[in-house]
Structure formats: C-alpha cells, structure tokens
*Asks:* 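Once you've had a glance at the structure underneath, I'll fire off some questions.
Here the structure is a predicted model, which is why all the values come from computation and not from measurement. FYI, the numbering just counts along the sequence from 1.
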Amino acid sequence: GMFLKTTNGGQNWFVPAPLPDSIYYLIGAWFVNTRIGYVTGDASTSVGEACLLKTTNGGLSWRRLTIPDSIVTLRNIEFTDSLRGIAVGYELTHGTTQGIILRTGDGGATWERHRFSAVDNFTDVSFASATTSFIVGINTSLTAAVYKSTNGGASWYPLPFSPDSVLLNGVRFVKGT
C-alpha cells in the first residue's frame with residue numbers, strides 16, 4: 001500500500017512516509033484536519049484481514065489501530081471531529097458475513113461494534129451533521145441497504161430505498177443539510 005499527499009491542490013504528489021509493514025491495500029480515507037487522518041485497508045494479499053491506520057502528523061507516520069479480528073473489510077470511514085467517527089464494512093462470523101459499524105468517541109483508541117445480520121456489507125458512511133449520519137450497503141437479499149442514525153451512531157434504523165434493486169456503493173451529504 002502507498003499513501004500519497006499533495007500540498008498544492010494536486011499538481012504534485014509525494015509519499016510522506018511508508019505505511020506500516022504488511023499493509024497491501026488502502027480502501028477508504030478521512031482527514032479530520034491537516035494533521036489527523038484515518039485510512040481503512042487490508043493487511044493481507046488476500047481479502048480477510050482488515051486494518052485501520054491513524055496519523056497525527058499529516059501522514060509522516062502511521063500507526064495501526066486495534067480492531068476485532070473477525071472484521072474482513074472496512075470499506076470507509078468518516079469523523080465529525082478529532083474524537084468521534086464511524087467505520088463501516090463487514091465481518092465473518094461462523095461462516096456468515098454481516099455488515100458492521102465501528103464507532104469511536106476517543107479518536108480511535110477504542111471501537112464499539114454494531115452488527116447487522118440482515119446486511120451483507122456496508123460500503124460507505126456520511127455525516128449530515130455531528131449527530132445525523134447515513135450508511136449504505138447491500139442487504140443479504142442483494143437489495144439496497146440504507147440506515148440512518150440521529151444520535152451520533154448509538155442506534156440505527158433502516159430507511160426504505162427505491163428501487164431496491166440498486167446496489168449502493170457510496171453516499172455523501174453536505175454538512176448541515
């Protein structure tokens with residue numbers, strides 16, 4: 001895996017520092033500010049070893065955060081501030097995949113896990129405000145999965161989505177809308 005950085009609006013890119021050993025794929029990224037950032041990825045050449053990295057110096061160094069071993073992939077991550085954030089993906093439990101949400105309130109030191117047995121995979125997360133967020137993915141019935149939280153990710157409820165045959169890979173909201 002490689003992390004590239006620009007400081008001039010994308011005209012030039014450089015590698016500020018190597019990632020920790022055995023990080024093969026970077027999937028999602030979110031920077032809280034110019035110093036603090038998070039990336040999701042795979043720590044294996046085969047799918048099945050999700051990783052979560054954090055930088056506090058703009059990408060000059062990265063450290064791996066502790067997440068549960070059962071998580072296969074973390075697709076994306078977003079933070080509302082330097083402490084509160086959510087990562088989404090899926091895990092494998094007893095041979096069955098299920099969507100998972102990881103939520104932190106301490107900058108990634110600890111993660112609270114929410115499991116969704118009716119969801120095969122969550123693919124993206126977006127905060128509309130500090131307390132309202134949306135997650136999209138794919139249900140086990142291969143239909144669109146859309147969930148909303150209005151309390152900072154403490155609880156989630158499904159939203160209807162039509163046409164349900166559309167598979168959702170991303171979602172974005174302008175803050176405050």
*Asks:* Under the 3.5 angstrom rule, does the side chain of Thr40 hit a backbone N or O of Gly28 as a donor-acceptor pair?
*Replies:*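 The answer is yes, because a donor-acceptor pair under 3.5 Å joins these two groups.
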*Asks:* In plain terms, say whether Arg64 and Glu49 are close enough for a salt bridge, that is, a side-chain N and a carboxylate O under 4.0 Å apart.
*Replies:*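 The answer is yes: the pair qualifies as a salt bridge.
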*Asks:* Would you please say whether a donor-acceptor pair under 3.5 Å links the side chains of Arg35 and Ser82?
*Replies:*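 Not at all, the side chains of Arg35 and Ser82 share no donor-acceptor pair under 3.5 Å.
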*Asks:* Counting only N and O atoms by type, is there a donor-acceptor contact under 3.5 Å from the side chain of Arg172 to the main-chain atoms of Val125?
*Replies:*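 Between the backbone of Val125 and the side chain of Arg172 there is a qualifying donor-acceptor contact (under 3.5 Å).
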*Asks:* Are Val15 and Leu60 co-members of a hydrophobic cluster defined by side-chain heavy atoms under 4.5 Å apart?
*Replies:*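 Each belongs to a different hydrophobic cluster.
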*Asks:* With the 4.5 Å side-chain cut-off for hydrophobic clustering, are Leu83 and Val32 part of the same group?
*Replies:*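 No: no chain of side-chain contacts under 4.5 Å links Leu83 to Val32.
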*Asks:* Determine whether the aromatic ring centres of residues Phe79 and Phe127 are separated by less than 6.0 angstrom.
*Replies:*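 Not close enough - the centres of the two rings lie 6.0 Å or further apart.
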*Asks:* Check the pair Arg113, Trp111 against side-chain contact (heavy atoms from CB on, under 4.5 Å), reporting the backbone distance first and the verdict last.
*Replies:* CA-CA 6 Å; Arg113 178 174 30 187; Trp111 295 90; over 6 Å; no
*Asks:* With side chains defined as the heavy atoms from C-beta onward, is the minimum distance between Phe122 and Ile138 less than 4.5 Å?
*Replies:*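 No; the side chains remain at least 4.5 Å from each other.
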*Asks:* Indicate yes or no for a side-chain donor-acceptor contact from Asn139 to the backbone of Ala144 under 3.5 Å, with no hydrogens or angles considered.
*Replies:*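 Answer holds: yes.
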*Asks:* Over all heavy atoms of both residues, which pair between Ser141 and Thr143 is shortest? Give the atoms and the distance, please.
*Replies:*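 Residues Ser141 and Thr143, closest heavy atoms: OG-OG1, 3.1 Å.
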*Asks:* Pick one: which of Thr55, Leu65, Thr104 meets side-chain contact (heavy atoms from CB on, under 4.5 Å) with Tyr38?
*Replies:*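 Looking at Thr55, Leu65, Thr104, the match for Tyr38 under the side-chain contact (heavy atoms from CB on, under 4.5 Å) is Leu65.
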*Asks:* Is there a side chain to side chain donor-acceptor pair (under 3.5 Å) between Thr123 and Asn121? Walk through the geometry before answering.
*Replies:* CA-CA 6 Å; Thr123 55; Asn121 184 4; over 6 Å; no
*Asks:* Can you see which heavy atom on Arg84 is nearest to which on Gly105, and at what distance?
*Replies:*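 What the structure gives for the nearest pair is CG-CA, 4.0 Å.
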*Asks:* Do you know which two heavy atoms are closest between Ser61 and Ala17, and how far apart they sit?
*Replies:*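 Heavy atoms only, the tightest pair is N-CB, 4.3 Å.
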*Asks:* Do Thr97 and Asp120 have side-chain atoms, one donor and one acceptor, less than 3.5 Å apart?
*Replies:*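 Indeed, the side chains of Thr97 and Asp120 share at least one donor-acceptor pair under 3.5 Å.
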*Asks:* Could you go step by step and tell me if Lys148 and Ser155 meet the side-chain contact (heavy atoms from CB on, under 4.5 Å) rule?
*Replies:* CA-CA 8 Å; Lys148 180 179 182 179; Ser155 61; over 6 Å; no
*Asks:* So, taking the atom named NZ in Lys5 and the one named CG in Asn8, what distance separates them when rounded to the nearest 0.5 Å?
*Replies:*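 Spacing of NZ (Lys5) from CG (Asn8) equals 11.5 Å.
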*Asks:* Of all the heavy-atom pairs spanning Gln98 and Ser117, show the shortest one and how long it is.
*Replies:*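 Smallest interatomic distance, heavy atoms only, reads OE1-CA, 3.6 Å.
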*Asks:* Does any part of the side chain of Ile71, heavy atoms only, come nearer than 4.5 Å to the side chain of Tyr90, both counted from C-beta?
*Replies:*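 Result no, sub-4.5 Å side-chain heavy-atom pair not found.
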*Asks:* Do the side chains of Leu102 and Ile67 get nearer than 4.5 Å, heavy atoms only?
*Replies:*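 Yes, close enough: below the 4.5 Å cut-off.
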*Asks:* Are the side chain of Thr93 and the backbone of Thr96 linked by a donor-acceptor contact shorter than 3.5 Å?
*Replies:*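 Checking the backbone N and O of Thr96 against the side chain of Thr93, no donor-acceptor pair under 3.5 Å is found.
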*Asks:* Examine distances only and state if a side-chain atom of Thr73 and a backbone atom of Ala50 form a donor-acceptor pair shorter than 3.5 Å.
*Replies:*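 It does not hold such a pair.
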*Asks:* Would you check, one step at a time, whether the test side-chain contact (heavy atoms from CB on, under 4.5 Å) holds for Leu74 with Ile100?
*Replies:* CA-CA 9 Å; Leu74 289 174; Ile100 57 109; 3.8 Å; yes
*Asks:* Mind listing the closest non-hydrogen atom pair of Leu26 and Leu53 along with its distance?
*Replies:*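 In this case the closest contact between Leu26 and Leu53 is CD2-CD1, 4.5 Å.
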*Asks:* Taking the six-membered ring for Trp, are the ring centroids of Tyr147 and Phe134 within less than 6.0 Å of each other?
*Replies:*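 No, they do not, as the ring centres are separated by 6.0 Å or more.
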*Asks:* Has the side chain of Arg103 got a donor or acceptor atom that lies under 3.5 Å from a matching backbone atom of Gly152?
*Replies:*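 Side chain of Arg103 to backbone of Gly152: a pair is present.
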*Asks:* Verify whether one side chain among Ser149 and Asn151 offers a donor that lies under 3.5 Å from an acceptor in the other.
*Replies:*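 Ser149 vs Asn151: donor-acceptor pair found between side chains.
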*Asks:* Once you measure the plane-to-plane angle for Trp62 and Phe3, does it fall in the parallel (<30°), tilted (30-60°) or perpendicular (>60°) bin?
*Replies:*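 Answer is perpendicular, since the angle exceeds 60°.
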*Asks:* Check Ser133 against Ile86 and note the closest heavy-atom contact, atom names and distance.
*Replies:*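 Residues Ser133 and Ile86, closest heavy atoms: OG-CD1, 4.1 Å.
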*Asks:* I would like to know whether Phe14 and Thr7 meet side-chain contact (heavy atoms from CB on, under 4.5 Å); could you show each step before the answer?
*Replies:* CA-CA 9 Å; Phe14 62 97; Thr7 56; 4.1 Å; yes
*Asks:* Ignoring hydrogens and geometry beyond distance, is a side-chain donor-acceptor pair present between Ser126 and Asp124 at under 3.5 Å?
*Replies:*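 Not at all, the side chains of Ser126 and Asp124 share no donor-acceptor pair under 3.5 Å.
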*Asks:* Do Ile27 and Leu4 share a hydrophobic cluster, counting only Ile, Leu, Val, Met, Phe, Trp and Tyr and linking them when any side-chain heavy atoms are less than 4.5 Å apart?
*Replies:*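 Different clusters: Ile27 never reaches Leu4 through Ile, Leu, Val, Met, Phe, Trp or Tyr contacts under 4.5 Å.
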